[in-house]
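Only this structure's heavy atoms are used, side chains among them; waters, hydrogens and symmetry mates stay out. Note on naming: letters A, B, ... go to the chains in the order of the sequence lines (proteins, then strands), and numbering restarts at 1 for each one.
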Amino acid sequence: MASSSEPLPGTSDLWEPEVGDWVALEAAARRVFGAYGYGELRTPIFERTDVFVRSIGDETEVVQKEMYTFEDRGGRSLTLRPEGTAGVIRAVANSGLNQGDEKRVFYMGPMFRGERPAAGRRRQFHQIGVEAVGPRDPVIDAECIAMFVQFLDEIGVTGSRVMLNTRGLGEDRAQVNAALRAFFAPRAAEMCEDCQRRLDTNVLRMLDCKNEACQAIVVDAPKMIDLVCDESRAFFASVCSSLDQLGVDYELAPRLVRGLDYYIHTVFEVTHSGLGAQDALAGGGRYLIVPPGANKPVDGVGFATGMERLLMARQSLGLAQTARPEADVYVVSLGETSVAPGLALAQEIRRSDLGLRVRAETSGRSMKAQMRTANRLGARLVLIQGESELAAGEVVCKNMASSEQVSVPRAGALAWLRTNA
RNA sequence: GUGGUUGUAGCUCAGUUGGUUAGAGCGCCUGGUUGUGGCCCAGGAGGUCGGGGGUUCGAGUCCCCUCAUCCACCCCA
């Protein structure tokens, strides 16, 4: 295929009618999240690099090898956002967050990670995310998950699973790591290379290694819930009971840890079997992030879901795409002198309150060619205004489905459309 | 970053052990109706066989390199 006109690897052009599916998804998100009192926030697509490094964690996979980072003309290091939370926290802090304030926001848009593309993984991908910033309240964690479940329900995605775990508080980290190291150290020799390295760099991650040999060992590893402090245990119990009350089904996933450093307490992932190797439909949890320029951390809970993956899930369920015709009305002109009047007629319809999508002949082709075009565009109605109609001050109005057509006075064309559209 | 897969017309794909001007279906255009679409019929346009190099009398077919696709690993949405 032609190479220079192709989009960059891991990116793509999105055309109708697929765009219609995306718009529908976005509309559903706005409706559902709005119903929970969340408002839309649009943050920049790039930020100072440290906005991401400091909140996501400089030891994480995302920061170490996946970010699109560049220098601007002033020599500042900037980065295309690899996820949404860091920017939202920066924006919330910038807008002023008083003690006791709660900011509920959602966002949607492109994110960028320099990974190798695969099923459900793109370099430019699109997330819809939600953040409740302010209170550290387990009920909000539960409500957040319930909200996403409702969203899935409304867009017809069935068969997903909610996986839930806790990471404990930051203060637990040293103790948790020590306990896990004590468990893994004697068995490290039997585990994969990555895990042997992780023993020193990131013990937590050993818990969700997918290597078979490692999994056999991990099964017997101490569970997070048993390693964290009493406060964390109580918090987690509260999240679970709230979910029960909200009627949300979930599964405990003792080995779920997630890849970003800012998480505390609740972490969750929603998986779906129709996605391929990357089976996460959404992921999120509670976090503690120090916004740039601040010295006090900000509490929050949220999640992000991948639009591409939501669409994949829908497709795996056989949910039809919403193909829609390109036009509702086509205006046919016959003869050079009738083209301009035809365009004027089209303009009149477009300016009316009918809300019809109108295409009109611009180059004076044969009637057959124009009718074919009208048919191809999916136009339900055709208005024919040739030279003889112009002379008589009339318009021939045709219903494509029934093939019936009538001649009406030019002034009555809009009225005909109103009753036949 | 590693491994595998695929790359022929706008789309989906054929293309026999390398052999003359590269094919089909769909789509598109024109005509069959001096002003009427869909169905049908006839005709037509459209291809640097992803790109570069090599082997050969001869390469879409074989070899090397490169680019891109899809998938998997890593990790994640």
Side-chain angles (χ1 to χ4, degrees), chain A residues 1-12 56 60-67 81-85 108-129 148 192-195 197-198 202 205 208-212 214 256-260 267 269-272 275-284 302-313 330 332-335 338 361 364-390 396-405 407:
Chain A
M1 290 295 137
S3 58
S4 57
S5 65
E6 280 182 13
L8 259 13
T11 70
S12 52
I56 297 170
T60 58
E61 202 81 12
V62 170
V63 167
Q64 285 198 333
K65 42 191 271 199
E66 295 176 5
M67 295 206 304
R81 61 185 187 190
E83 57 99 54
T85 304
M108 52 186 75
M111 305 292 166
F112 307 86
R113 292 184 199 172
E115 296 184 282
R116 191 78 120 215
R121 177 186 297 132
R122 317 288 294 158
R123 289 187 176 162
Q124 173 174 335
F125 59 105
H126 300 79
Q127 290 188 328
I128 301 178
F148 181 62
C192 71
E193 279 181 27
D194 286 333
C195 281
R197 182 173 43 76
R198 286 170 183 146
N202 199 343
R205 193 62 64 64
D208 68 351
C209 183
K210 283 165 190 158
N211 182 290
E212 281 185 30
C214 297
L256 175 65
V257 296
R258 299 194 51 75
L260 311 182
V267 289
E269 226 166 76
V270 179
T271 62
H272 191 95
L275 300 184
Q278 282 71 235
D279 66 351
L281 211 45
F303 65 82
T305 179
M307 295 185 68
E308 286 85 354
R309 294 189 186 178
L310 291 171
L311 263 357
M312 283 173 75
Y330 193 87
V332 171
S333 305
L334 295 162
S338 68
E361 174 66 8
R365 297 135 73 217
S366 73
M367 175 161 231
K368 186 190 195 87
Q370 294 186 54
M371 289 303 290
R372 275 189 187 152
T373 297
N375 191 58
R376 181 170 49 74
L377 295 174
R380 298 169 352 251
L381 306 169
V382 167
L383 300 187
I384 301 164
Q385 188 180 45
E387 278 159 349
S388 57
E389 284 78 15
L390 275 175
V396 171
C397 303
K398 173 162 182 164
N399 181 315
M400 292 292 271
S402 66
S403 292
E404 286 169 9
Q405 62 183 50
S407 191

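- Comparing B/rG38 with B/rU34, their C1' atoms sit 23 Å apart, to the nearest whole Å.
- Remark: the separation of the P atoms in B/rA45 and B/rU6 is 34 Å, to the nearest Å.
- Side-chain N/O atoms of A/R309 and base N/O atoms of B/rC76 include a donor-acceptor pair closer than 3.5 Å.
- Here A/R121 lies in heavy-atom contact (under 4.0 Å) with a base.
- Comparing B/rC70, B/rA77, B/rG32 by their closest approach to the side chain of A/K368 singles out B/rG32.
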For nucleotides 43-45 of chain B, list the nitrogen or oxygen atoms of the protein found under 3.5 Å from its nitrogen or oxygen atoms, one pair per line.
none

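- In this structure, A/Q370 reaches neither bases nor backbone, as no heavy-atom distance under 4.0 Å exists between it and the strands shown.
- No hydrogens or angles were tested; on distance alone, nothing pairs the side chain of A/N375 with the base of B/rG38 as donor and acceptor under 3.5 Å.
- Looking at residues two or more places apart in sequence or on another chain, you find a side-chain hydrogen bond (donor to acceptor under 3.5 Å, both in side chains) between A/R197 and A/D194.
- Counting atom types as modelled, A/E115 pairs a side-chain N or O with a base atom of B/rA77 as donor and acceptor under 3.5 Å.
- Evaluation of atom-type donor-acceptor distances gives no pair under 3.5 Å for the side chain of A/E6 against the base of B/rU69.
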Handout entry: 5'-to-3' dot-bracket of RNA chain B (Watson-Crick, G-U; under 3.5 angstrom; crossing pairs as [ ]; | other strand)
Key = ((((.((..((((.....[...)))).(((((.......))))).....(((((..]....))))))).))))....

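- Residue contacts shown for A/E389 include a base, since a base heavy atom lies under 4.0 Å away.
- The side chain of A/R113 has B/rC76 as its nearest neighbour among B/rC76, B/rC71, B/rU36.
- Spacing between B/rA9 and B/rC49 at atom P, rounded to whole Å, works out to 10 Å.
- The listed nucleotides are B/rG32, B/rC76, B/rC71; the one nearest the side chain of A/R205 is B/rC76.
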